[in-house]
Amino acid sequence: MNTPDTSTPFAAQSLSKSYGAHTALRDVSLALPAGRVIGLLGRNGAGKSTLLNIASGFTLPSSGDALTFGTPVARLDTPQLTRLGVVQQEARLLEWMTVRQHLDFNASFYPGWDRSLESRLLESLEVDPKRKIVQLSPGERQKVGILLGVCHHPALLLLDEPMSALDPIIRARLLDALLERLRDDGCTVVISSHILNDVEKIVDWIVALDAGQLVENSPFDTLQESFAEWTVTSLNGALPARFPEPFVLHQQPGERLARLRVRTDDADAVARFAATHHAEVKARPLNLDEMFPLLTRQPKARA
Amino acid sequence: MPPLLSIDLHNGVPAYRQIMDQIKLQIATGLLPAGAELPSTRTLSAELALNPMTVSKAYGLLERDGILERRRGQTLTVRAVSDSEAQTSRTEPLRQHLATAAALARQLDIPPTEALRIFKAALHEKPSA
């Protein structure tokens, strides 16, 4: 593993976090690549929010190291904190303010607050700045949280389930806005979400957690090219009741026809498998929805 | 003039591959002639609502494969190819489709002569309006 430096937006080494008897993160080591959109995936309670909260310095590690912009998260200073953008699942907002007042309040902390970006986002996300925070619906609160997290051009943007209460039109506009930040600012975006259909549209890197442990840290392209569904048709005789190949992660066996979910980086795997089992194999790639259970539930199996 | 690309972000095929395949097909069909300029990474990623990394990966690989070339500064253009190269790139998509069709024929126990007859008939069919 490379020594984390200031160009690595976030890095962890043997990072663990416990809350009393509960272990939220267990021995996580990773370095996030800069300038990427990283999809942080995992089931409920996998440790996604804890990891994001540690990256932003809200929560401190129980053991191990966590470095944001190369600095231990406990020692992040004001200039470094202004390079962070944080959008929490349930935005903690100042309830008595109007949206306008809240934006002005937050803007006062950031020298780089971009009023033109702010007004473009107010329009595209359809937020009325005159409304009082206390009167907002969950979706509207989420939009305000996003505005407050991105208008200062952060170098590292951490989004924790930012879309759960947004309708599909607004979700699409949010994804566009994030891509625009990526193009204009070259920022690193980490986004945790269960709406995998949407995540799939912008991520180019996947980090997956399962029960507090890191189970995946790979370019999305690589995953798309290694996971597949194989439809296996027997050419003569019955197919085996169970395929023993270690790269077969999930199988629906059948005498004449079997459906397998596989993970292999070997370009010749299909041909070899077909020859071994006297079968025709038709492969199709998996989308993120289909890949997700294989990422987080299965132990890593590679051919 | 940007090529008309249509990327399906949910079919599991990496977006960079879809870009590469579609640009290759457009070159093979003459839609993108030699010397034609490709939109910048920035423009194309904005147009397709894609991560710029994805577009630059596709462009980088097409450049590596000698399909595109960078001219005069940064502009990416379609590289001129020899006739035999052009012929191969034109027939390659058909070859891939037929490989799938051949697999299906074997699964359905359709003998080669019968499969060829079906393909020949399809070749002579008038496209339906």
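Note: hydrogens, waters and symmetry copies are ignored here, and every other heavy atom, side chains too, is used.
- Of the listed residues (A:V37, A:N197, A:I202), the greatest number of heavy-atom pairs within a distance under 4.5 Å of chain B belongs to A:N197.
- In this structure, B:P14 and A:E225 approach most closely via the heavy-atom pair CG-CG, 3.6 Å.
- In this structure, the portion of A:D176 lying under 4.5 Å from any heavy atom of chain B is its side chain and not its backbone.
- With a 4.5 Å cut-off on non-hydrogen atoms, A:D198 does not touch chain B at all.
- Across all their heavy atoms, B:G12 and A:Q224 have their closest contact at O-CB, 3.5 Å.
- Proximity to chain A involves both the backbone and the side chain of B:N51, based on heavy atoms less than 4.5 angstrom apart.
- The structure places CG of B:L9 at 11.5 Å from CG of A:L288, a figure rounded to the nearest 0.5 Å.
- Side chains of A:D289 and B:H10 form a contact here, defined as non-hydrogen atoms less than 4.5 Å apart.
- For A:I169, the CD1 atom is loosely surrounded, since the number of other residues' heavy atoms within 6.0 Å does not exceed 12.
- Pairing each heavy atom of A:R183 with each of B:S45, the nearest pair is CD-OG, 3.4 Å.
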### Message
Between B:V13 and A:R284, does the side-chain contact (heavy atoms from CB on, under 4.5 Å) criterion hold? Intermediate values first, please.
### Response
CA-CA 9 Å; B:V13 179; A:R284 111 180 141 74; over 6 Å; no
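- Applying the 6.0 Å contact sphere to CD of B:Q96 captures more than 12 heavy atoms from other residues, nucleotides or ligands.
- Contact check on A:K201 versus B:D8 returns no salt bridge, with no Lys/Arg side-chain nitrogen under 4.0 Å from an Asp/Glu carboxylate oxygen.
- Nearest heavy-atom pair, A:L182 versus B:P52, reported as atom, atom and distance to 0.1 Å: CD2-CD, 3.6 Å.
- When all heavy atoms are compared, the tightest approach of B:M53 to A:G35 is CE-O, 3.3 Å.
- Interface residue B:T100: only side-chain heavy atoms are found under 4.5 Å from chain A.
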